[in-house]
Amino acid sequence: MKIHNIKYLLIAVFMLIFSACDPIVDEQHLSDSTDVAGVQLVATQTPPGGNKITLSMNTPGVTGYWDYGLDKALTNEVTIVYPIPGKSTFTFVGTLGATFFTKTIDVQVDRIDTRLDQDWYDLVSEDTAAGKTWVFDGVGGDGRNWWYMSPDEANGGKDKWDVVWWNAGGSGDVVPVDASGKMHFDLNGAANYNHYTTKTATPTKGSFKLDIKNKLLTISNSKMLGYEAGNADGIYEVIELTETRLVLHLTKSDTYGTGWTFIFKPE
């Protein structure tokens with residue numbers, strides 16, 4: 001038995017020794033096809049100065065994606081209908097082969113001559129530069145549903161946004177500190193957002209992103225109206241967006257750990 005054990009041990013040792021000597025490796029080294037200066041970015045507006053823009057990266061051997069602020073396009077060329085007049089900067093993120101890089105191109109939009117998706121007009125009005133103000137669709141203790149706890153993900157989450165677990169605002173049990181406040185959205189040179197704790201308070205200025213494809217509204221560097229039940233990341237699910245009604249939802253509120261629903265109307 002001992003002789004057999006020694007024999008197998010020696011065989012294993014020899015196999016390890018021989019496998020460790022002169023391994024055969026098929027090495028492929030990546031190399032750059034150009035440098036960042038050689039990457040050609042082109043923006044074409046149809047018509048010139050308008051808000052329908054084709055962004056192209058025209059250098060062979062380079063791959064990547066476009067980040068145009070409101071969304072990303074995982075391709076070298078994309079055509080967008082951009083909602084913001086003025087000068088905007090678009091970014092191409094890519095690889096030269098071995099090196100990752102980012103490069104930007106500036107585009108001047110003089111006018112909105114290609115109509116936007118209707119959701120933009122519902123949120124900020126037809127006068128996109130002037131914008132639109134939204135307030136809560138109710139007041140504390142009115143018995144209506146406008147700021148309330150709704151089911152968590154395990155109990156239906158977003159699909160049960162209209163199920164009321166606790167009508168905090170409508171019952172008057174807990175009224176948000178900004179219940180009499182407002183929020184304003186506009187596209188005057190940028191996607192601007194202002195939060196007001198009261199109608200006459202100094203606003204907290206930030207920005208917003210409306211992701212129409214994924215039905216999400218993101219608030220950055222400011223607060224959502226009713227933020228006490230909100231989330232630190234500022235990302236809210238858009239349940240309904242019309243000219244007269246905005247319904248937002250969280251599947252998990254940072255404060256309460258449950259779903260939460262926010263309902264607004266134009267001021």
Side-chain angles (χ1 to χ4, degrees), residues 27-132 185-193 205-222 233-238 241:
E27 294 186 357
Q28 293 183 352
H29 296 285
L30 294 174
S31 60
D32 292 341
S33 59
T34 184
D35 57 15
V36 176
V39 176
Q40 183 186 28
L41 303 183
V42 177
T44 305
Q45 294 164 265
T46 310
N51 67 312
K52 186 175 182 180
I53 307 167
T54 297
L55 300 170
S56 306
M57 191 292 300
N58 294 336
T59 303
V62 176
T63 59
Y65 67 90
W66 282 99
D67 182 345
Y68 50 95
L70 301 174
D71 202 354
K72 295 181 176 65
L74 305 180
T75 178
N76 288 348
E77 181 174 295
V78 61
T79 298
I80 62 174
V81 177
Y82 198 64
I84 304 171
K87 182 180 177 181
S88 294
T89 299
F90 304 108
T91 302
F92 187 83
V93 181
T95 174
L96 302 172
T99 305
F100 289 95
F101 74 98
T102 61
K103 189 170 183 177
T104 62
I105 186 170
D106 293 333
V107 179
Q108 176 67 35
V109 175
D110 296 324
R111 60 194 174 277
I112 304 298
D113 49 14
T114 298
R115 188 165 178 82
L116 309 176
D117 188 288
Q118 184 59 39
D119 283 351
W120 286 106
Y121 298 113
D122 289 338
L123 183 64
V124 305
S125 82
E126 291 284 338
D127 188 345
T128 59
K132 188 173 182 178
F185 300 83
D186 71 65
L187 297 172
N188 186 15
N192 303 304
Y193 172 83
K205 298 182 178 182
S207 61
F208 75 94
K209 175 182 175 181
L210 179 62
D211 184 341
I212 295 173
K213 178 176 61 179
N214 295 304
K215 297 186 180 301
L216 296 173
L217 177 65
T218 302
I219 303 299
S220 300
N221 301 315
S222 189
D233 62 10
I235 302 175
Y236 297 82
E237 300 154 339
V238 179
L241 174 55

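Source: prediction; values computed, not measured.
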Hey, could you give me the [atom1]/[atom2] distance between [X] and [Y], rounded to the nearest 0.5 Å?
X      : Y      : atom1 : atom2 : value
Leu41  : Leu55  : CG    : CG    : 9.0 Å
Tyr82  : Ile112 : OH    : CD1   : 9.5 Å
Tyr121 : Arg115 : OH    : CZ    : 4.5 Å
Tyr68  : Ile84  : OH    : CD1   : 12.0 Å
Phe90  : Asp67  : CZ    : CG    : 10.0 Å
Asn51  : Leu116 : CG    : CG    : 6.0 Å

Could you report the tightest heavy-atom contact between [X] and [Y], atom names first, then the distance?
X      : Y      : value
Ala98  : Asp32  : N-OD1, 2.8 Å
Ala129 : Asp186 : O-CB, 3.6 Å
Glu77  : Ser56  : OE1-OG, 3.0 Å
Thr79  : Thr54  : OG1-OG1, 2.8 Å
Pro48  : Arg111 : O-NH2, 2.5 Å

message = Applying side-chain contact (heavy atoms from CB on, under 4.5 Å) to Phe92 and Asn76, what does each step give before you reach the verdict?
response = CA-CA 8 Å; Phe92 187 83; Asn76 288 348; 3.5 Å; yes

With a 4.5 Å limit on heavy-atom distance, are the side chains of [X] and [Y] in contact?
X      : Y      : value
Thr99  : Val36  : no
Val62  : Ser33  : yes
Phe101 : Leu96  : yes
Asn192 : Lys205 : no
Val93  : Thr102 : yes
Pro83  : Leu70  : yes

query = Between Val39 and Thr34, does a side-chain contact (heavy atoms from CB on, under 4.5 Å) hold up when you go through it step by step?
reply = CA-CA 7 Å; Val39 176; Thr34 184; 4.3 Å; yes

request  = Indicate whether the side chain of Thr91 and that of Thr104 have a donor and an acceptor atom separated by less than 3.5 Å.
outcome  = no

inquiry  = Pair Tyr193, Thr218 - check side-chain contact (heavy atoms from CB on, under 4.5 Å), show working.
reply    = CA-CA 10 Å; Tyr193 172 83; Thr218 302; over 6 Å; no

query = When you look at NZ of Lys209, are more than 12 heavy atoms from neighbouring residues, nucleotides or ligands closer to it than 6.0 Å?
reply = yes

ask   = Does Lys103 NZ have over 12 foreign heavy atoms under 6.0 Å away?
value = yes

key: Within the 6.0 Å centroid threshold, strictly below: Phe208 and Phe185   = yes

request  = Evaluate side-chain contact (heavy atoms from CB on, under 4.5 Å) for Ile53 paired with Val109, printing each intermediate quantity in order.
outcome  = CA-CA 9 Å; Ile53 307 167; Val109 175; 3.9 Å; yes

Verify, without hydrogens or angle tests, whether [X] (side chain) and [Y] (backbone) share a donor-acceptor contact under 3.5 angstrom.
X      : Y      : value
Gln45  : Val107 : no
Asn214 : Leu216 : no
Ser125 : Asp127 : yes
Lys132 : Asp122 : yes

